Chemist: 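One structure coming up, written as structure tokens, with questions to follow.
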There are 2 protein chains.
Amino acid sequence: MMAKKPAELAKAIRTPLTVDDGIDFSMIELFFFAYRDFTSDPDQLLATYGFGRAHHRVVHFVNRIPGLTVAELLDVLKITKQSLARVLKQLIDTGYIVQIQGLRDRRQRELYPTAKGRDLALALAAPQSRRIANALTRLDTQDRETVETFLKSMVDPDLRAQIEQLPGGAGNVQDKAVAEPEATR
Amino acid sequence: MMAKKPAELAKAIRTPLTVDDGIDFSMIELFFFAYRDFTSDPDQLLATYGFGRAHHRVVHFVNRIPGLTVAELLDVLKITKQSLARVLKQLIDTGYIVQIQGLRDRRQRELYPTAKGRDLALALAAPQSRRIANALTRLDTQDRETVETFLKSMVDPDLRAQIEQLPGGAGNVQDKAVAEPEATR
DNA sequence: AAATTTATGTCAGCCTTGTTGACATAAATT
DNA sequence: AATTTATGTCAACAAGGCTGACATAAATTT
């Protein structure tokens with residue numbers, strides 16, 4: 001196993017990559033570890049329900065945008081309908097989400113949370129919100145805006161539109177104008 | 001298939017969850033979308049190599065901590081050795097990483113990048129670093145510290161130790177002092 | 001009215017990346 | 001000499017992505 005033909009050994013580099021290589025490793029790693037722990041609380045809770053992260057995302061957005069259609073949800077999540085179908089079916093079968101046939105277009109299925117689904121969404125979001133609030137206590141009030149601006153700038157410009165439409169959301173960082181009221185019927 | 005029994009419909013909730021429910025949805029969603037796009041650049045690049053995110057993480061940390069052992073890498077990544085084995089074997093077979101038998105303990109396998117592995121790590125990190133730099137241009141210089149403090153506070157306290165050990169990394173946040181550039185040692 | 005497109009659902013199979021359990025080997029430690 | 005440790009490996013399984021193909025109902029176009 002060990003026997004390596006010395007001939008085929010590529011030379012090992014023994015010096016670490018650092019910020020001197022022109023890369024902001026410090027921030028890259030902070031972002032990686034921060035997100036990993038950010039997802040760990042809901043992950044643990046989900047496991048007790050027999051659900052995974054995919055279920056979390058669906059429950060989250062259906063609660064944030066009740067009545068969105070399957071196609072709209074696919075667009076937010078950027079996954080295929082076959083992928084969505086599996087978790088969505090489970091959530092419907094177990095009573096967390098209901099589908100209602102669209103009024104203006106009866107082909108569409110509008111997705112709504114049930115009371116059970118609402119409770120789950122809140123339970124999943126609570127520890128994440130707590131973690132964020134705790135991290136913000138170390139900062140000045142105006143620093144919250146700094147963090148928001150940073151995170152928002154990390155998002156691809158063309159995808160920022162989606163975020164702005166979310167209710168009571170982070171709205172616009174640069175111009176404080178409000179998003180136009182979606183006729184959520 | 002389509003036929004819905006009205007009787008079995010749990011009641012649909014039509015109002016969205018908002019910040020009024022006591023949850024910081026704005027930040028939760030910003031963090032979600034920011035991280036999603038943060039990983040999208042390297043993901044695309046990895047696909048051209050036939051690699052995935054798992055390979056990225058291994059290449060990253062082997063380049064940041066050359067000579068770390070398999071056990072140490074497992075501890076950083078928090079995965080099982082069987083999971084690691086698959087991707088590590090591929091990276092070794094394709095010449096991105098080499099193993100060298102430990103000197104003080106010959107059971108250990110120290111992991112090092114090759115020149116090829118170093119190049120890959122840099123290529124993967126470059127777009128992420130660029131994205132971060134771009135996001136930071138919207139902020140004052142001192143705001144960088146705000147963002148660092150925030151991200152670091154998002155990490156579980158007991159896991160923060162790992163971060164501090166990384167070379168040229170984000171030093172200590174709590175003792176705000178700090179981070180004196182490079183005069184150290 | 002007929003043909004086509006759209007929104008959704010579903011079947012089948014594949015891939016990556018995580019998991020557990022069991023077992024093997026070499027080297028270090030007791 | 002016996003045990004423990006670091007690593008590797010085989011086998012099986014699961015979640016959650018993916019693609020391709022096909023079905024149905026409803027809307028839209030011709």
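Convention: sequence-line order gives letters A, B, ...; per-chain numbering from 1. Just so it is clear, the model here is predicted, and its values are computed rather than measured.
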Chemist: Atom CG of B:Leu74 and atom P of D:dT9: how far apart are they, to the nearest Å?
Modeler: 14 Å
Chemist: Can you tell me how far P of D:dG8 sits from CG of B:Leu88, to the nearest Å?
Modeler: 7 Å
Chemist: In this structure, how many angstroms lie between the P atom of D:dA27 and the CZ atom of A:Arg109, rounded?
Modeler: 10 Å
Chemist: If hydrophobic clusters are built from ILVMFWY residues whose side chains come within less than 4.5 Å, do A:Leu166 and B:Ile13 share one?
Modeler: no
Chemist: Is there any protein nitrogen or oxygen under 3.5 Å from a nitrogen or oxygen in nucleotides 13-18 of chain D, and what are the pairs?
Modeler:
unit_1 : atom_1 : unit_2  : atom_2 : d
D:dG16 : OP1    : A:Arg53 : N      : 3.3
D:dG17 : OP1    : A:Arg57 : NH2    : 2.2
D:dG17 : N7     : A:Arg86 : NH2    : 2.4
D:dG17 : O6     : A:Arg86 : NH1    : 3.2
D:dC18 : OP2    : A:Thr80 : N      : 2.8
D:dC18 : OP2    : A:Thr80 : OG1    : 3.0
D:dC18 : OP2    : A:Ser83 : OG     : 3.3

Chemist: Check whether B:Arg64 reaches the backbone of A:Leu17 with its side chain - one donor and one acceptor, N or O, closer than 3.5 Å.
Modeler: yes
Chemist: Just the rounded figure in Å: distance from P of D:dA27 to CZ of A:Arg106.
Modeler: 5 Å
Chemist: Once you measure the plane-to-plane angle for A:Phe33 and B:Phe61, does it fall in the parallel (<30°), tilted (30-60°) or perpendicular (>60°) bin?
Modeler: tilted
Chemist: Let me know the distance between CG of A:Asp75 and C1' of C:dA7, rounded to the nearest Å.
Modeler: 14 Å
Chemist: Under 4.0 Å between a side-chain N or O of B:Gln99 and OP1 or OP2 of D:dG8?
Modeler: yes
Chemist: Could you report the tightest heavy-atom contact between A:Ser40 and A:Arg131, atom names first, then the distance?
Modeler: OG-NH2, 3.9 Å
Chemist: Can you tell me how far P of C:dT19 sits from CD of A:Gln44, to the nearest Å?
Modeler: 14 Å
Chemist: Please report the C-alpha distance between B:Phe25 and B:Phe32 in whole Å, then the side-chain angles of each, then the deciding distance to 0.1 Å, and finally whether the ring pair (Phe, Tyr, Trp, His ring centres under 6.0 Å) criterion is met.
Modeler: CA-CA 10 Å; B:Phe25 287 110; B:Phe32 170 74; over 10 Å; no
Chemist: How long is the gap from CG on B:Leu136 to CG on A:Asp24, to the nearest 0.5 Å?
Modeler: 7.0 Å
Chemist: To the nearest Å, give me how far apart CD1 (A:Ile92) and P (C:dT8) are.
Modeler: 12 Å
Chemist: Let's test your reading of the pairing rules: Watson-Crick or G-U wobble, both distances under 3.5 Å, then write DNA chain C as a dot-bracket string with ( ), [ ], | and dots.
Modeler: ||||||||||||||||||||||||||||||
Chemist: Run the side chain to side chain donor-acceptor pair (under 3.5 Å) test against B:Asp37 and tell me which residues pass, sequence neighbours left out.
Modeler: none
Chemist: Got a donor-acceptor contact below 3.5 angstrom from the B:Arg109 side chain to the B:Arg107 backbone?
Modeler: yes
Chemist: Counting side-chain heavy atoms from C-beta on, which of C:dT8, D:dA27, C:dT10 comes nearest to A:Ala85?
Modeler: C:dT10
Chemist: In this structure, how many angstroms lie between the C1' atom of C:dT8 and the CG atom of A:Asp105, rounded?
Modeler: 11 Å
Chemist: For the residue pair B:Arg138 and A:Phe150, would you count it as a cation-pi contact if the rule is NZ or CZ under 6.0 angstrom from the ring centre and within 45 degrees of the ring axis?
Modeler: no
